[in-house]
Every structure is written in structure tokens, then in C-alpha cells.
Amino acid sequence: MSILIDKNTKVIVQGITGKTGWFHAKQSLDYGTQVVAGVTPGKGGTFMEETVGDKKYKVPVFNTVKETVEKFGATATVIFVPPPAAADAILEAAFAGIKLIVTITEGIPVNDMISVKAELQKRSAECLVIGPNCPGVVTIGECRMGIQPGSIGKRGKIGILSRSGTLTYEAVDQVTRVGLGATTCVGIGGDPIHGANFIDILKRFKDDDETKGIVMIGEIGGSEEEEAAEWIQKNLKKPVVSFIAGATAPKGKRMGHAGAIISGGKGTAQAKMAALKKAGVRVVDNPSHIGQAMLELVK
Amino acid sequence: MKIHEYQAKNLLKDFGVPISKGFAIQNLNELDGVYKNLGGGVVAVKAQIHAGGRGKGGGVKIAKSEADMKKFAGEILGMNLITHQTGAQGQKVRSLYIEAGTAIAKEMYLAVLLDRETSRLTLIAAAEGGMDIEELAAKSPEKILKFQIDPTLGFRAFQGRLLGYGLGIPDSTHTELIKLCQSLVRAYMELDASLVEINPLVLNSENRLIALDAKMTFDDNALYRHKNILELRDVNEEDALELEAAETGLNYISLDGTVGCMVNGAGLAMATMDVIKLAGAEPSNFLDVGGGANTEQVTKAFQIILKDKKVRAILVNIFGGIMKCDIIANGILEAAKITKLSLPLVVRLQGTNAKEGLAILAKSGLKIDTAETMAEAAEKVVKAAKG
């Protein structure tokens, strides 16, 4: 088993006709993902086609998400739509009945996400948004939604969740090197307002039999790591290894991610690490030790 | 993006927020007639810099005559103002705001900002103003009043009345307070702000409310739809290297250490700073070259890191995904040649084609040390920086 997505998931790509959208649609097809259709308003009825060597790619494009749900039974979407139209793309998918909405787009205005989030909270039982500003979701060897490199990581027993992209790859790589391998890797994204939080994903890893241990990578800003720590202490028996990026980050400076900022004395790496340690999580100071620490806990 | 107090007040005035009359000046010769135009009496001379704590740092003076106003203006304009927010190097004062004085009966705090825990806008207030709200939040959190703002309902009158009673202002001023709060929320939403702060909000001797100070910051991601806000940008107040980096699509923040670093991804860049510290040195910067780093960007990144004369060694930490490590290795070599790099360079490559990438660097003949893990790379670069 795995969480969120598997080889049977029918995926669409919103913004498939853009350069990045099409590049990653092809990467996902190579990975074995069922990319059934793309959506770009105004380009409906056309196809995205390309031949690379002996590989032929052909994906139908539709004007609306609704059509892809009706025609293919699509249940998941990955969004590459540019920031000004991205919030609308998320809502379109939610209203069309898509269950998993993975939003890669970086740079969506916060105010746009406030309205989107308010609507999503009403629909929390029927759909889950991952991101925005995230690397996406990969169930190793089965399905790839987003921009994570398909070449790293072998299937195994560790679930990975993270607010950062390249640190997610770092973790997948390390658990693979120590021989544990990974089940599903989820990047929840670096924006201050996002869909799924750590707890939403931890719950799913808890219920997944194949996942025997969890790597959780946080960073400065907000209080989700602290909330996750509390939840872990009460609900989770599986071992968790955690790294929090930004212990050396100065106060009041935004460190790349829109959400990575220590403001009002809140959101420090030190406070997050302390909360996680208190909850029984194995916190590593050095990100190079993630794999080894996990190995020691999951023998 | 940050703007000056006088700019924030100009914007807020259009939304109906009560402010005192004032004039912004860049030169002392612009002072002629200002005192008379403000109606004489007491005026405030306020340094305009993008940092708080101006009063404590000596950047705000109260003048009771035209002569005093001119004297204070002469002292403050051009001074290097050091506050708890500017850092030790301070910030040069390039403009002043001269404002009519207010007879203060009560000072309060009022702000609209995003509450990340609820994903809602929140209005926060305190009956004690003019002080550091972070300090108050830490010492007596019960003194801070909070009102969640529903995105469809907006800030409601009943919330304003609760706020009025909480602040202890006369009932007769409640209507004015409700209108003021609604104006702030409207300004926040319509202008895509990330903070609107009135500290202090003043009740004057006639029981009227006045925004004595105003601070606004804006969501960088929304500036594309606010050309008028972009025009308010004061690049003199921003770090020159950070600006230059931003123009090439690099995310750079200057810090105080000696180890320069170049990394792909914000999280990994922060983690790299952390391992440098663990290995016994301080990073000189945060630098995220992004997911699709090419030779041009790597070259620019080196150039920016090298402009910081504190740098003693450089660490490149790349996790290759879609962008393969062998291609990145060639980019690093090219960039090292173009910038005539002479400082010690440690490169850690991991991920797609890492072995090939490291081999290219090893064969280059350039003095580049390589590493497989972040920990190993950090130890090597710190040793080089200290050596």
C-alpha cells in the first residue's frame, strides 16, 4: 500500500500546455503515472504530442476540469498554472470533484489563498490540496505528481513529508542508501497558507501498513511542527525522525520560502526541535544523519 | 516589500484612516513654509527609514518652534540611525516627515496581519500603544485583543464594539473606531498588504482617533497587480547585493559569517547554513539558485558571493534532480573560470549523475575539493575558511 496516490490514480495536469507543465507531464508518464488528460482553457480539443527517440507522448487537452472528470474519471490533478490564475485553478478542480489537488505553482498571492483555504475548509471531507509552492507527491515506483526527480529513491518502508523540495530528495536518497527505501514522499510546500498540513499526512502514514517509519522535515516559520509534535505524542506509535531547517536563520528575514520567516519571536527552529523531542521524535541537528537515525529506529 | 511611514499614511488616508497633516522632505531647503502650513505650534520631526525603533534611536523629535523644527531636521536628515531593527551598521536617513503635533489622551496599538494558524486575517489591538508589541505578547499575552476576520464577512461592527470596550475608549468614539478598523482591513485586502500596523493609535484630547504612526508591508507575490505600490519602492533602504541577486532570479540574503554558500532549494539552503554553523563557522549568506540553475545563474551567484569581502571560502551544495549533476559540474567550472575564483571551493553534489559530476570537477585541474555528504562538505569548507 501507499498513501494518497498509486498506480491506478487517474491524473490530469492543469496548465499542461506551458513549458514546465508539459515537461513534468512527460516525466510523470515515463514514471508510469496515468496522466489521462491536460487542461488549458482555450486549448480544448487539441493534443500535446511529442516524439523523443522511440517514445511517443500524446495527451488530450480539455478546456475544463469538469470534462476530464466526466470522461476519464480523473481523481487527481497537478497544477502548473501561473500565479495570477492558480487560485482559480484550485477552486475549479475542487468544484469539479477532484479529490487530490497538488499545486506546484510558486508565488500565489496570500490573499488569494485566504479565500481558497476558507472554501477548502468547508470541503475538507471530499478533497485535499497539497501545496502550493511544493514539489508534489510521489509513491515510489507507482505514481508521480509534481516535480520530484523520478530517478532517486527505491520502494521501501519509510514515509517522507517535508516543507522543502530538495530536502525531500535528500531524505529519500538517504533512506534508500541505508537500505530502507520509501513508500510515499509528500512535499506540503513552503507558503504560509497551504492545503494539507503535517498532521493530515501523518494520519495517512499512520494508517498505512507498508509505512514503518516516518521522516518529517520542517523549517522555521509558523507553528505546524509544534502542532504535529502534539499530535504525534498522542497518536503515533511509528518511529519518526525529524530535521528542522533554519536554526541559523536571522529573525525577520524571509528565507526563500514565503512561509520561512521567524516573526514576533515565533517559529524558531529551536522551539520546533524542542517540541518534537518532547513528543518522542528523534530530532537530528545534521541533515546528513536522517537516514542513519531512521535505520537505528526501524530495525 | 516595505515602504516609509509617510507613504503608508498617504495610502491609508485614501481609505479614510484619520491622520495628521504632514510633509515629506528630502532636502532642508524644502522646509520653508512647512511650519506655517502645519499651523505652527508643536510639530514632530520624524526620520523615514524602513525600520522600527526610530524614536528610541533619536530619529524622532518634537519641536515647539520653527527654529527647533529646522534644528532637529538638520540633525536627523543624513544621520546614521541605529535602532534595534537596523543592525549595528545603522541606516542613513534620506528623508524626513514633518507632522502636526497631537494632544495625546491615550495611546493604543492596532494592526491587521495574517494569522497562519487559522489562515485568516486577524486584527490585533492593545490598550497600551507606542511600545514593542512583541515584548507585550511575550510578557502579558492577555493584554492583546484578537479578532479573526472572515474573508466573506469582513470586520463587523460588533467586533469593533467589543474592541472599543476592550480598549476602554468612550462609547461615543466606537463608531469612529469601527470605521477605522474596516478601513484598515479594506486597505490590507485591496492593496495586498502583508502588515498594516498603527502604533500608536491615539485618542486625542477631543476624543478623536488618529493614526500617529503607520507601517505597511506588502506581499511581494501580489505586486504584479499593484503598479502604484511598486512605485513606492525605495531601493536605498534595501541591501544592494540582495537587490542585484533578485534581478537575476536568485534568492540571496546577506549574513555576517565567512563561508559563502550556493545551494539549490530554500530548505536545503537553510540546512546548509545550519551544517556550516555545526562545523564551527558562520555562513556569509543564504543563496538559493532555484531548481533549474544554469551556468549563467551559477556565475552570477559566484559574483555576488565574491562581492562580500568577508568571505573566506565557498561551499556549493547541489542536490541534482531533474537538473543533472554533470551539467551542474560543468556550469561550476565555467563560472569559476569566468569569475577567476581564487578562494577555496568545496562542492558537494548528490542525486542524479552525482558520480559523473564529481569526476568532472576532479579532472578539471582547478583547486576544487569535493564531498559526498553535507556534513563532510561543511567540515572541509570550514577548515578552508579558517586556514
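Naming: A, B, ... by sequence-line order, numbering from 1 per chain.
B/E238 CD: more than 12 foreign heavy atoms inside a 6.0 Å radius. The environment of NZ in B/K324 is sparse: at most 12 heavy-atom neighbours from other residues, nucleotides or ligands sit within 6.0 Å. By the neighbour-count criterion of 12 heavy atoms within 6.0 Å, atom CG of B/D256 is sparsely surrounded, having that number or fewer from other residues, nucleotides or ligands. Environment of NZ in B/K2: sparse, with no more than 12 heavy atoms of neighbouring residues, nucleotides or ligands closer than 6.0 Å. The environment of B/K355 atom NZ is sparse: at most 12 non-hydrogen atoms of other residues, nucleotides or ligands sit within 6.0 angstrom.
For the residue pair B/G267 and A/E219, the shortest heavy atom distance occurs at CA-OE1, 4.0 Å. Smallest separation of non-hydrogen atoms from B/A271 and A/L167: CB-CD2, 4.0 Å. The minimum heavy-atom distance linking A/V110 with B/L114 is given by the pair CG1-CD2, 3.8 Å. Scanning all heavy atoms of the two residues, the minimum distance from B/A375 to A/N286 falls at CB-ND2, 3.5 Å. Pairing each heavy atom of A/M255 with each of B/I253, the nearest pair is SD-CD1, 3.7 Å. Here the closest non-hydrogen pair linking A/T166 and B/G265 is OG1-CA, 3.4 Å.
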- Given B/E117 and A/E224, is the side chain to side chain contact (heavy atoms under 4.5 Å, CB included) satisfied, shown in steps? CA-CA 8 Å; B/E117 281 175 40; A/E224 274 182 32; over 6 Å; no
- side chain to side chain contact (heavy atoms under 4.5 Å, CB included) assessment of A/D173 paired with B/F319: CA-CA 10 Å; A/D173 184 57; B/F319 199 103; 3.6 Å; yes
- For the pair A/R177 and B/Q350, evaluate side chain to side chain contact (heavy atoms under 4.5 Å, CB included) and give the outcome as yes or no after the intermediate values. CA-CA 12 Å; A/R177 278 162 186 274; B/Q350 196 51 268; 2.6 Å; yes
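B/M189 contributes atom CE, which lies 8.0 Å from atom OG of A/S115 (distance to the nearest 0.5 angstrom). To the nearest 0.5 Å, atoms OG (B/S119) and NE2 (A/H194) are separated by 7.5 Å. Note: B/D192 CG to A/N111 CG = 4.5 Å, rounded to the nearest 0.5 Å. One finds the NZ atom of B/K277 at 7.0 Å from the OG1 atom of A/T248 (value rounded to the nearest 0.5 Å). To the nearest 0.5 Å, atom CD of residue B/E242 and atom NZ of residue A/K253 are 4.0 Å apart. Atom CZ of residue A/F243 and atom CG of residue B/D274 lie 5.0 Å apart, to the nearest 0.5 angstrom.
Heavy atoms of B/Y224 lying under 4.5 Å from chain A belong exclusively to its side chain. Heavy atoms closer than 4.5 Å to chain A are found nowhere in B/S194, neither backbone nor side chain. Interface remark: A/R163 contributes side-chain atoms only to the contact with chain B (heavy atom separation under 4.5 Å). Contact annotation for B/E372: only side-chain heavy atoms (C-beta onward) come within less than 4.5 Å of a heavy atom of chain A. With a 4.5 Å cut-off on non-hydrogen atoms, A/P84 touches chain B through its backbone and its side chain both. Proximity to chain B (any heavy atom under 4.5 Å) is restricted, for A/I108, to the backbone atoms N, CA, C and O. Residue contact with chain B, scored on non-hydrogen atoms closer than 4.5 Å, involves the side chain of A/I152 exclusively. Interface remark: B/L255 contributes side-chain atoms only to the contact with chain A (heavy atom separation under 4.5 Å).
Using a 4.5 Å cut-off on side-chain heavy atoms (C-beta onward), B/R225 and A/P109 make contact. Contact check for B/R116 versus A/I193: no side-chain heavy atoms found under the 4.5 Å cut-off. Contact check for A/P83 versus B/N221: no side-chain heavy atoms found under the 4.5 Å cut-off.
Ranked by heavy-atom pairs shorter than 4.5 Å toward chain B, the options A/Q121, A/M113, A/H289, A/Q27 are led by A/Q121. Among the candidates A/S151, A/G222, A/S162, the residue making the largest number of heavy-atom pairs closer than 4.5 Å to chain B is A/G222.
Note on B/R348 versus A/E170: salt bridge recorded, some NZ/NE/NH1/NH2 to OD/OE distance being below 4.0 Å.
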